[in-house]
Amino acid sequence: MPLKIVQMKSITNKVVLSFFLLFSTLTFVNAQEIIKDSVAATTKVNVPSGKKLKIDGVVATVGDYIILDSDIDKGFLEITSQGGSTKDVSRCQVLGSLLEQKLYAHQAVQDSIIVSDAEVKGMMDERLGYMLEQVGSMEKIVKFYQKESEEDFRTYFFDVLKEQKLTGEMTKKIIDKVEITPEEVREFYKKIPKADLPLFGAELEVAQIVIKPKVTDADKQKVIDKLNSFRKECLEGASFATKAVLYSEDPGSSKNGGYYKMTRKTPFVKEFKDVAFSLAEGEISEPFETTFGYHIIYVEKIKGQEIELRHILISPVVSQESLKEAKEKITLIRKKVLDKDITFAEAARTMSDEKETRANGGALVNPKTQDTRFEMTKMDPSLYSQVSNLKDNEISIPLLEDNQGKKDYKIMIVTNRIDEHTADYAKDYIKIKDLALKEKQIKAIGKWFDTKIKDTYIKIVDEYKECSFTNNWLKK
């Protein structure tokens with residue numbers, strides 16, 4: 001799947017499209033049983049006289065998975081339900097995407113990639129919660145997916161999500177091995193004709209000073225006592241997962257019963273990882289503190305260097321008096337900077353309570369690119385609203401930020417403005433490196449497909465053998 005570098009914008013589009021197809025989770029995909037080397041059809045039904053019925057047969061087999069003709073139909077339904085247009089989408093394209101997913105899932109099983117039922121159930125609870133918010137009722141969801149009952153739908157959806165997770169894990173395994181050197185980035189950039197270099201949008205560099213309201217020892221002890229009571233009840237037989245659903249303040253896991261799967265390389269705060277990897281299987285930790293609040297951890301499974309755990313997070317409640325003191329403190333800091341008693345960067349290094357930005361003079365790091373630049377058209381809406389109207393050297397008024405129940409006061413400043421410009425190797429190295437890495441990953445995936453298609457049993461019915469697939473599914 002090589003990318004010919006003709007024009008940088010087209011490269012970017014191809015990269016985005018390829019990764020969309022690669023990582024898209026088409027929730028209509030059915031996980032089917034193994035079939036014999038023949039085209040199977042569903043049970044016969046009575047058709048009114050004069051009416052035609054399209055039999056839902058198997059159109060393709062990939063290893064241990066099959067694709068039904070109705071899976072392709074559901075593909076179009078799914079695109080439409082998400083507001084997309086199917087005008088330029090062919091059945092061959094949808095089938096090609098389904099074939100890719102089946103090969104990923106099949107190979108994941110061959111490579112002994114394990115996805116636990118608990119993990120899939122957690123995913124299902126999260127997805128169903130979102131779907132219920134959008135649709136309004138389980139009855140409507142069941143009807144949309146044309147299932148007989150909620151139980152029927154849940155069984156179907158469980159298989160769908162398990163296949164998606166296998167696909168994701170297999171994809172991750174492929175691209176995680178891909179690395180790129182500075183020399184490869186330089187060669188990638190040199191291959192782009194000067195006239196075809198992309199135009200990068202206007203960017204900002206932003207810094208902030210954060211003051212966190214103080215929490216009293218009494219407030220902290222209340223949380224510790226509550227977590228200790230949960231720990232005691234769970235040791236006596238209560239469900240840790242249920243406690244997490246009811247009481248945990250972690251929005252990323254509470255709906256899943258506090259579930260996380262992690263290794264030592266997983267990006268969790270150090271204190272959390274230190275406690276998690278000190279526990280034996282089945283053990284529940286004592287309450288401990290991180291920047292997010294207080295936790296207890298229950299380790300469900302240990303598999304080599306990987307652990308499956310559940311946790312409960314509770315943060316102490318900040319009093320109104322503490323909030324008032326924090327606002328007064330940050331107002332005073334702002335005045336000192338405006339009076340030129342101290343620079344913004346010096347104030348951040350010596351007085352900010354946010355350790356992630358303090359050492360860098362308050363400079364924010366873009367989580368998407370890992371550099372300090374934020375492209376204005378792609379900026380997080382909340383950040384954009386806080387800084388877009390700031391003039392040069394202007395410091396924002398104290399802003400009260402409520403982040404998932406944790407309240408902080410902060411002031412912000414725009415430290416640098418980068419106008420819209422043509423890509424420059426030195427100034428835009430990180431962006432160019434990201435594009436070069438994505439190209440290399442796509443090539444690695446293309447090579448992986450070429451190899452695995454040759455080694456895997458694949459059968460496609462005659463009706464679809466005239467399709468022009470991106471990959472060599474027909475083994476011509």
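Distance alone, capped at 3.5 Å, is enough to place a donor-acceptor pair between the Asp353 side chain and the Lys212 backbone. Looking at Thr266, its side chain does come within 3.5 Å of a backbone N or O of Thr263 through a donor-acceptor pair. With hydrogens and angles ignored, the 3.5 Å screen pairs a side-chain donor or acceptor of Asn366 with a backbone N or O of Lys368. Looking only at distances, no side-chain donor or acceptor of Thr167 sits under 3.5 Å from a matching main-chain atom of Lys102. No side-chain donor-acceptor contact under 3.5 Å links Asp434 to the backbone of Ile430. Glu119 contributes no side-chain N or O that, together with a main-chain N or O of Lys261, makes up a donor-acceptor pair within less than 3.5 Å. A side-chain donor-acceptor contact under 3.5 Å links Ser385 to the backbone of Ser382. Remark: side-chain polar atoms of Lys440 are paired, donor with acceptor, to backbone N or O of Glu179 under 3.5 angstrom. Judged by distance alone, with hydrogens and angles left aside, the side-chain atoms of Arg310 form no donor-acceptor pair with the main-chain N or O of Glu300 at under 3.5 Å. Gln93 places a side-chain N or O within donor-acceptor distance of the main-chain N or O of Ser90, the cut-off being under 3.5 Å.
In terms of heavy atoms, Glu249 sits closest to Ser315 at OE1-N, 2.9 Å. Taking all atoms of both residues into account, the shortest heavy-atom contact from Ala60 to Leu99 is CB-CD2, 3.8 Å. The minimum heavy-atom distance between Val185 and Tyr429, with the atom names listed, is CG1-CE1, 3.6 Å. Across all non-hydrogen atoms, the minimal contact from Thr456 to Gly63 is CG2-N, 3.8 Å. Of all the heavy atoms in Ile113 and Leu166, the pair that sits closest is O-CD2, 3.6 Å. Contact detail for Ala244 and Gly258: the closest heavy-atom pair is CB-N, 3.6 Å.
With a 4.5 Å cut-off on side-chain heavy atoms, Ile297 and Val299 count as touching. Using a 4.5 Å heavy-atom cutoff, the side chains of Val387 and Leu204 are in contact. Within the 4.5 Å cutoff, the side chain of Arg91 has no heavy atoms near those of the Leu95 side chain. Put simply, the side chain of Tyr145 does not reach to within 4.5 Å of the side chain of Val160, judged on heavy atoms. Using a 4.5 Å heavy-atom cutoff, the side chains of Gln386 and Glu401 are in contact. With a 4.5 Å cut-off on side-chain heavy atoms, Ile314 and Phe230 count as touching. Two residues are said to be in side-chain contact when any heavy atoms from C-beta on lie closer than 4.5 Å; Leu437 and Val178 meet this criterion. Taking 4.5 Å as the limit, some side-chain heavy atom of Phe268 sits within range of a side-chain heavy atom of Tyr260.
Every residue two or more places apart in sequence or in another chain that forms a side-chain hydrogen bond (donor to acceptor under 3.5 Å, both in side chains) with Lys243 is listed here: Glu233. In this structure, Gln110 has no side-chain hydrogen bond (donor to acceptor under 3.5 Å, both in side chains) partners at least two apart in sequence or on a different chain. Scored by the salt bridge (charged side-chain N to carboxylate O under 4.0 Å, His left out) test, Lys121 finds Asp125 as partners (sequence neighbours excluded).
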Just do the salt bridge (Lys or Arg N to Asp or Glu O under 4.0 Å) check on Lys301 and Glu306 with the steps written out, would you? CA-CA 8 Å; Lys301 290 182 182 178; Glu306 184 178 82; over 6 Å; no
Under the side chain to side chain contact (heavy atoms under 4.5 Å, CB included) criterion, do Ile312 and Phe240 qualify, and how do the steps go? CA-CA 8 Å; Ile312 297 172; Phe240 194 100; 3.7 Å; yes
The test is side chain to side chain contact (heavy atoms under 4.5 Å, CB included); show your working for Ile192 and Tyr425 and say whether it passes. CA-CA 11 Å; Ile192 307 167; Tyr425 181 75; over 6 Å; no
Salt bridge (Lys or Arg N to Asp or Glu O under 4.0 Å) assessment of Lys452 paired with Asp455: CA-CA 5 Å; Lys452 298 306 177 184; Asp455 298 339; 5.2 Å; no
Derivation of the side chain to side chain contact (heavy atoms under 4.5 Å, CB included) call for Leu68 and Val58: CA-CA 4 Å; Leu68 299 176; Val58 176; 3.7 Å; yes
Quick one: do Gln107 and Trp448 satisfy side chain to side chain contact (heavy atoms under 4.5 Å, CB included)? Show the steps, please. CA-CA 11 Å; Gln107 193 59 44; Trp448 182 88; 3.5 Å; yes
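Heavy atoms from other residues, nucleotides or ligands lying under 6.0 Å from NZ of Lys265 number 12 at most. Summarising the local packing, CD of Gln370 is surrounded by more than 12 heavy atoms from other residues, nucleotides or ligands at distances under 6.0 Å. Other residues, nucleotides and ligands place more than 12 heavy atoms under 6.0 Å from the CZ atom of Phe277. Atom CD of Glu466 sits in a sparse spot, with 12 or fewer heavy atoms from other residues, nucleotides or ligands closer than 6.0 Å. The environment of Tyr384 atom OH is sparse: at most 12 non-hydrogen atoms of other residues, nucleotides or ligands sit within 6.0 angstrom.
Note on Glu169 versus Lys173: no salt bridge recorded, every NZ/NE/NH1/NH2 to OD/OE distance being 4.0 Å or above. A salt bridge does not link Lys162 to Asp159: none of the charged nitrogens lies less than 4.0 Å from a carboxylate oxygen. The pair Glu187-Lys191 does not count as a salt bridge, with every side-chain nitrogen at least 4.0 angstrom from each carboxylate oxygen. Checked for salt-bridge contact, Lys143 and Glu139 miss the test: no charged N lies under 4.0 Å from a carboxylate O.
Using a 30° and 60° split on the angle between ring planes, Phe153 and Phe157 fall in the parallel class, below 30°.
Summarising the geometry, atom CD1 belonging to Ile174 is positioned 12.5 Å from atom CD1 belonging to Ile442; distances are rounded to the nearest 0.5 Å. Ile66 contributes atom CD1, which lies 11.0 Å from atom CG of Asp64 (distance to the nearest 0.5 angstrom). The structure places CZ of Phe469 at 10.5 Å from CD of Glu100, a figure rounded to the nearest 0.5 Å. Atom CD1 of Ile141 and atom CG of Leu132 lie 4.0 Å apart (nearest 0.5 Å). For the atom pair Met123 CE and Leu161 CG, the distance stands at 5.0 Å (nearest 0.5 Å). Expressed to the nearest 0.5 Å, how far CD of Gln305 lies from CZ of Arg264 amounts to 7.0 Å.
Of the candidates Met379, Glu420, Arg373, Glu203 forms a side-chain contact (heavy atoms from CB on, under 4.5 Å) with just one, namely Arg373. Residue His311 forms a ring-ring contact (aromatic ring centres under 6.0 Å, His included) with just one option from Phe272, Phe292, Tyr294, and that option is Phe272.
Thr369 and Asp371 share a side-chain donor-acceptor pair at under 3.5 Å. A donor and an acceptor atom, one from each side chain of Thr290 and Glu271, are nowhere located under 3.5 Å apart.
No close placement of the Tyr65 and Tyr457 rings is indicated, their centers lying 6.0 Å or farther apart.
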